[in-house]
Undergrad: 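The structure that follows is given in the form of structure tokens.
Owing to the predicted nature of the structure, the values given are computational and were not obtained by experimental measurement. Numbers restart at 1 for each chain; the letters A, B, ... are given by sequence-line order, proteins then strands.
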Number of protein chains: 2
Amino acid sequence: MKNDTDTATTRPSDLSTQIAGQIRDAIISGALIVDERLPSEAELAEQFSVSRPTVREALKRLAAQSLIRTQRGASGGAFVNRLSFEDAYPQQITTSTLLLSMNDVSFDTACEARFALERACTGLAADRRGADHLDVMRAELRRQSQTDLTDEAFCASDVTFHRALVDAAGNPVLSYHLAGPVEAMQPLMNMITFTARSRARIVALHTAIVDALDARDAEACDTHLRALETYTRQLAADVMARRAQQG
Amino acid sequence: MKNDTDTATTRPSDLSTQIAGQIRDAIISGALIVDERLPSEAELAEQFSVSRPTVREALKRLAAQSLIRTQRGASGGAFVNRLSFEDAYPQQITTSTLLLSMNDVSFDTACEARFALERACTGLAADRRGADHLDVMRAELRRQSQTDLTDEAFCASDVTFHRALVDAAGNPVLSYHLAGPVEAMQPLMNMITFTARSRARIVALHTAIVDALDARDAEACDTHLRALETYTRQLAADVMARRAQQG
DNA sequence: GACAGTTAAATGTAAGACAAATGAAAAATG
DNA sequence: CATTTTTCATTTGTCTTACATTTAACTGTC
């Protein structure tokens, strides 16, 4: 399967792009294994018949994707990087956020996707949640109840709450794939000004969710998440309507 | 030449990394708008007090993340790229695949996450699936029934089938977030040798899924997806057991 | 044999040059 | 005057060379 990262139209792209692609394919195919050292820049340059700066540009591309790391000195060089979940998180969040902000995806579409994915965790979370997860969620609940909280801090706490829910499913792959959808909603949520009443409603739903997890009741958890989605979308619709009315 | 204002507190990372970070932050924060042109490489070099190759390495990092695009010629330069879903797909798939292959995630964990996320689409897919989605799925069903198909081709068809299911939900954000989990399973599935009997069972479950979507029966769709997950994990467990037995 | 200085190898950075692409201005042509 | 062609300036793509910096290994001295 050839996974050309750029140029759908078979353009004769840059040399550095081509070289980066070849090395990337070698890593993906397993020809280069984790912690293996690549040839030195000078050797790569000779091997690909290009200059050293061109090779360096290719290596920088790979480093930007955390596929390799470089080390200076005598036994230095470029090494195939073990791509960790920690490395991949920020990249995933950045990409998800930019996708939403640059493609004017409607609030409804983004919200629908996010809650649909989050509800995918309820079954596992109800089974596996530990006391620590409940503790985190209840701590955030207390924070969300403080009336002097800014809207931004409220949203940030909301994100922490939901990530604890996701982590409660005890599946690191699931946690990774939900980081993007959950975090990318935060800028959109920040556009909503939360009244005391709407905050109270959200906290009530959050409380119901925690209690459902505490009781290991997946169905109730799912139900309350649906209610939270409905309410969130209603809030956003109200904001839109008010904004359209006022010009 | 050592006029660096930030000496002690900041990481002694590469200049190109620092510069790339600054430009990236400007894009994320909205200081640089989509399709806006960055200063020329020479101007950036002077602005950051570095050489042109260093600036170029920074720009290549950003290009690797599809944050910018470059164009040669008189009115060329580096432009802030509108990050499209098409651009983000390959990156997402590559990262997901490497995360699984490099972190020895168990088959069960990866499979659990993938099916949990896919089931998140059933409700919307049952509501919104069009005739075209059913057509694609049925076409893949016919392909999967051909006995002369290699295991790789069978798995590839499987991926196409499930992506059609996801797309049937009619939510591009959802489709994007599911591309990784679904595609990244393919290498793991390729480790399983499918007997005629196991293929028949899978095709039967796939058929049940399509029929459920055709009838707009979300619950049945969910049920059959669960059955497919159970069967897939059983198949993998059998392979593992056989492999452990034979040494 | 332990320690310190030296050396070699590799990446990081700089500077200058030329090639190639590209759009716009200038010039030639009808 | 309108149109086509030519020229030209700008910008990225690439190469060459050189030097700085970092780091591990080597080597010589005590």
Side-chain angles (χ1 to χ4, degrees), chain A residues 4-7 9-23 27 32 35-81, chain B residues 1-8 10-24 27 32 35-81:
Chain A
D4 208 359
T5 311
D6 337 72
T7 67
T9 56
T10 60
R11 198 180 350 164
S13 51
D14 308 13
L15 287 176
S16 68
T17 304
Q18 295 175 23
I19 293 170
Q22 290 188 39
I23 299 177
I27 294 175
L32 293 171
D35 291 337
E36 185 171 339
R37 184 182 175 280
L38 298 175
S40 72
E41 295 177 352
E43 288 175 300
L44 285 173
E46 190 178 2
Q47 188 173 322
F48 288 107
S49 302
V50 297
S51 68
R52 215 185 119 209
T54 302
V55 166
R56 283 182 61 79
E57 287 176 7
L59 294 180
K60 293 306 173 189
R61 293 184 116 105
L62 300 176
Q65 300 177 296
S66 301
L67 293 183
I68 63 170
R69 63 179 184 277
T70 55
Q71 206 170 9
R72 290 220 282 200
S75 68
F79 298 84
V80 178
N81 202 23
Chain B
M1 280 296 185
K2 41 201 69 168
N3 56 351
D4 252 349
T5 52
D6 50 332
T7 47
T10 52
R11 277 266 169 65
S13 56
D14 308 10
L15 288 176
S16 67
T17 304
Q18 294 176 25
I19 293 171
Q22 289 187 41
I23 299 177
R24 175 170 29 235
I27 294 175
L32 292 173
D35 290 336
E36 185 171 339
R37 183 181 174 282
L38 298 175
S40 72
E41 295 177 352
E43 288 174 301
L44 285 172
E46 189 178 4
Q47 189 174 323
F48 288 108
S49 303
V50 297
S51 67
R52 213 186 122 209
T54 301
V55 167
R56 282 183 62 79
E57 288 176 7
L59 293 180
K60 293 309 173 192
R61 295 184 107 105
L62 300 176
Q65 301 176 298
S66 301
L67 293 183
I68 63 170
R69 62 179 185 277
T70 55
Q71 204 171 10
R72 288 219 283 203
S75 70
F79 298 84
V80 178
N81 199 22

Undergrad: Go nucleotide by nucleotide along DNA chain C from the 5' end; which of A:Pro53 and A:Gly76 gets its closest nucleotide reached first?
TA: A:Gly76

Undergrad: Between A:Asp14 (CG) and D:dT12 (P), how many Å, whole number?
TA: 12 Å

Undergrad: Within a radius of less than 6.0 Å around CD of B:Glu36, do more than 12 heavy atoms belonging to other residues, nucleotides or ligands occur?
TA: yes

Undergrad: Given the rule in the side-chain hydrogen bond (donor to acceptor under 3.5 Å, both in side chains) test, do B:Glu43 and B:Ser40 qualify, once you have shown the distances and angles that lead to the verdict?
TA: CA-CA 5 Å; B:Glu43 288 174 301; B:Ser40 72; 3.2 Å; yes

Undergrad: Check whether any side-chain N or O of A:Arg56 sits under 3.5 Å from a backbone N or O of B:Glu57 as a donor-acceptor pair, and report yes or no.
TA: no

Undergrad: Within this structure, what is the CZ-to-C1' distance between A:Phe79 and D:dT23, rounded to whole angstrom?
TA: 12 Å

Undergrad: Donor-acceptor pair, A:Arg52 side chain versus A:Leu44 backbone, under 3.5 Å?
TA: no

Undergrad: Let me spell it out: for each of A:Ser16 and B:Glu43, pick the nucleotide of DNA chain D with the closest heavy atom. Which residue's pick is nearer the 5' end?
TA: B:Glu43

Undergrad: In this structure, how many angstroms lie between the P atom of C:dT13 and the CG atom of A:Leu59, rounded?
TA: 14 Å

Undergrad: Using atom names, set out every protein N or O paired with an N or O of nucleotides 18-22 of chain C below 3.5 Å, distance rounded to 0.1 Å.
TA:
residue	atom	partner	partner atom	Å
C:dA20	O3'	B:Arg72	NH2	3.4
C:dT22	O2	B:Ala74	N	2.9

Undergrad: Take atom CG of A:Leu38 and atom C1' of C:dA10, then tell me their distance rounded to the nearest Å.
TA: 13 Å

Undergrad: Quick check for you: among D:dT14, C:dG12, C:dA14, whose closest atom lies nearest to any side-chain atom of A:Ser51?
TA: D:dT14

Undergrad: Atom CZ of A:Phe48 to atom C1' of D:dC15: distance rounded to whole Å?
TA: 17 Å

Undergrad: Would you call B:Arg72 and A:Asp14 a salt bridge, taking side-chain N to carboxylate O under 4.0 Å as the test?
TA: no

Undergrad: Is any side-chain N or O of B:Thr54 closer than 4.0 Å to OP1 or OP2 of C:dG12?
TA: no

Undergrad: May I ask you to decide if A:Val80's main-chain N or O and A:Arg37's side chain share a donor-acceptor pair within less than 3.5 Å?
TA: no

Undergrad: For A:Glu41 and D:dT17, what is the distance between atoms CD and P respectively, to the nearest whole Å?
TA: 17 Å

Undergrad: Taking atom C1' of D:dT12 as reference, at what distance in whole Å does atom CD of A:Glu57 sit?
TA: 10 Å

Undergrad: Check whether any side-chain N or O of B:Asn81 sits under 3.5 Å from a backbone N or O of B:Arg69 as a donor-acceptor pair, and report yes or no.
TA: no

Undergrad: Taking atom P of C:dG16 as reference, at what distance in whole Å does atom CZ of B:Arg56 sit?
TA: 17 Å

Undergrad: Counting the atoms with a prime plus P, OP1 and OP2 as sugar-phosphate, which does B:Arg37 contact under 4.0 Å by heavy atoms, base, sugar-phosphate, or nothing?
TA: sugar-phosphate

